[in-house]
Number of protein chains: 2
Amino acid sequence: MDSVEPGDARRRRRTTTRIKEAMRELNNQLALLNHHVGVRLSLRDVDLDCLDLIARHGPLSPGALARRVGLHPATMTGILDRLQRGGWIVRERDPEATDRRSVTVRALRERNAELYGLYAGMNASMDELCAGYDETQLDVIADFLRRAGEAGRRATDELSEG
Amino acid sequence: MDSVEPGDARRRRRTTTRIKEAMRELNNQLALLNHHVGVRLSLRDVDLDCLDLIARHGPLSPGALARRVGLHPATMTGILDRLQRGGWIVRERDPEATDRRSVTVRALRERNAELYGLYAGMNASMDELCAGYDETQLDVIADFLRRAGEAGRRATDELSEG
DNA sequence: ATCAGCTGTTACGGTTTCCGTATCTTACGA
DNA sequence: TCGTAAGATACGGAAACCGTAACAGCTGAT
């Protein structure tokens with residue numbers, strides 16, 4: 001019987017739990033940070049989430065964005081209105097496009113300095129934190145974070161489909 | 001002049017940037033996951049954030065929670081109403097307390113299974129991901145995440161004060 | 001002891017946001 | 001060509017957010 005597991009297996013499990021706990025805490029803390037940043041910019045949390053997606057995953061349509069975030073298309077219209085009013089994005093309607101109904105949303109860079117300024121403290125802390133690790137360790141961390149992000153993506157997709 | 005920096009320093013900087021990028025992506029993805037979980041439970045994103053804080057940082061007062069999250073006290077009343085209606089928390093008014101005005105909010109465990117169930121996919125993926133690292137690497141990752149969370153906490157505090 | 005001032009919580013009301021429905025435009029298939 | 005489907009947004013009711021105020025209770029000074 002294996003009621004007594006090897007000590008190193010138990011230690012592993014504990015460390016894994018510790019990692020998940022730390023990730024939960026980090027996630028929660030970053031959500032709070034984002035909220036404060038949003039307040040400074042007169043944007044809602046979800047607005048920042050959408051802006052991030054637009055900036056990173058290229059120009060895309062309001063509908064596609066709404067499906068990705070899990071919001072009603074009409075809600076997305078309101079979000080994009082706020083972002084456009086603030087000069088964060090533009091809606092582009094290309095008369096030469098294959099589908100002339102579709103609108104593509106593009107992130108602007110005019111206010112990026114302002115945005116980065118609000119994250120400056122966190123950014124500096126991260127630089128300082130990374131400076132304490134050697135190259136090999138940094139690679140391990142970077143890879144872990146990337147794969148955790150992918151896992152999050154998959155979990156989100158499952159939840160929105162099932 | 002040092003316009004030419006050593007190759008390993010440049011590589012370091014790139015890896016650090018890659019880490020910050022991956023963290024941003026992870027954060028955004030987890031925000032989306034939380035949103036979908038919230039939809040299933042008829043809770044707003046901020047409700048889940050608050051519930052997490054209450055569960056992890058013990059029983060505390062509505063006012064303290066509002067300050068922590070950066071919300072108006074009246075808004076917190078609405079959030080706690082929703083959480084209480086859903087059976088996630090209870091408001092306790094201890095007649096024997098030092099300050100009889102104060103209310104403490106406590107997290108219940110009745111619906112925890114339901115909550116964990118929604119995170120089951122992500123949880124399993126994280127276990128799987130962690131299984132690919134050795135003990136030393138896991139320790140490095142756990143420590144990094146913990147310290148990143150602390151950095152987030154500091155950055156948030158600075159932003160809410162300054 | 002009493003009173004003034006402060007803190008904690010919540011009710012109330014105006015403003016904003018969210019989302020279901022309807023509408024308009026355009027694409028696609030029969 | 002016509003009917004159906006899909007994309008984006010206007011409209012309206014419901015909900016949420018937050019400023020103000022009201023009430024209870026603590027604290028310190030006179």
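Bear in mind that the values here come from a model prediction, so they are computed numbers and not experimental data. Residue numbers start from 1 in every chain, and the chains themselves are labelled A, B, ... in the order their sequence lines are given, proteins ahead of strands.
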Nearest-Å distance for atom pair [atom1]/[atom2], residues [X] and [N]:
| X | N | atom1 | atom2 | answer |
| --- | --- | --- | --- | --- |
| D47(A) | dT16(C) | CG | P | 15 Å |
| D45(A) | dC18(C) | CG | P | 11 Å |
| M76(B) | dC18(D) | CE | C1' | 12 Å |
| L65(B) | dT9(C) | CG | P | 10 Å |
| L80(A) | dT17(C) | CG | C1' | 14 Å |
| R85(A) | dT9(D) | CZ | P | 14 Å |
| I79(A) | dT16(C) | CD1 | P | 17 Å |
| D81(B) | dA15(D) | CG | P | 14 Å |

(message) Counting C-beta onward and ignoring hydrogens, is there a side-chain heavy-atom pair between V105(B) and L65(B) closer than 4.5 Å?
(response) no
(message) What I'd like to find out is whether the side chain of W88(B) reaches to under 4.5 Å of the side chain of L115(B), using heavy atoms alone.
(response) yes
Using a cut-off of strictly less than 4.0 Å, decide whether [X] has a side-chain nitrogen or oxygen near OP1 or OP2 of [N].
| X | N | answer |
| --- | --- | --- |
| H72(B) | dC17(D) | no |
| T75(A) | dC19(C) | yes |
| T77(A) | dA10(D) | no |
| R82(A) | dC18(C) | yes |
| R91(B) | dT10(C) | yes |

Proximal nucleotide (of [options]) relative to the [X] side chain:
| X | options | value |
| --- | --- | --- |
| D99(B) | dC18(C), dG25(D), dT9(C) | dG25(D) |
| R67(A) | dT21(C), dG7(D), dT10(C) | dG7(D) |
| L71(B) | dC18(D), dT10(C), dA27(C) | dC18(D) |
| V46(B) | dT9(D), dC17(D), dC26(D) | dC17(D) |

(request) Kindly compute the distance separating CG (D139(A)) from OH (Y133(A)), expressed to the nearest 0.5 Å. (result) 14.0 Å
(request) Considering non-hydrogen atoms only, spot the tightest contact between V69(B) and C50(B) and give its length. (result) CG2-SG, 4.1 Å
(message) Looking at every non-hydrogen atom in both residues, tell me the closest pair between R12(B) and C130(A) and how far apart they are.
(response) NH2-O, 3.3 Å
(message) Which is more 5' along DNA chain D, the nucleotide nearest S61(A) or the one nearest H35(A)? Just name the residue.
(response) S61(A)
(message) Counting the atoms with a prime plus P, OP1 and OP2 as sugar-phosphate, which does G63(B) contact under 4.0 Å by heavy atoms, base, sugar-phosphate, or nothing?
(response) sugar-phosphate
(message) Using a 4.0 Å heavy-atom cut-off, does P62(A) contact any base of the nucleic acid, only the sugar-phosphate backbone, or nothing at all?
(response) sugar-phosphate
(message) Using the rule given for salt bridge (Lys or Arg N to Asp or Glu O under 4.0 Å), can you reason through R146(A) versus D143(A), listing the C-alpha separation, both sets of side-chain angles and the distance that settles it, and then say yes or no?
(response) CA-CA 5 Å; R146(A) 187 183 53 75; D143(A) 195 56; 2.7 Å; yes
(message) Reading DNA chain C from 5' onward, which residue's closest nucleotide shows up sooner: R44(B) or P73(B)?
(response) P73(B)
(message) For a quick check, tell me whether the side chain of R101(A) and the base of dA6(D) share a donor-acceptor pair closer than 3.5 Å.
(response) yes
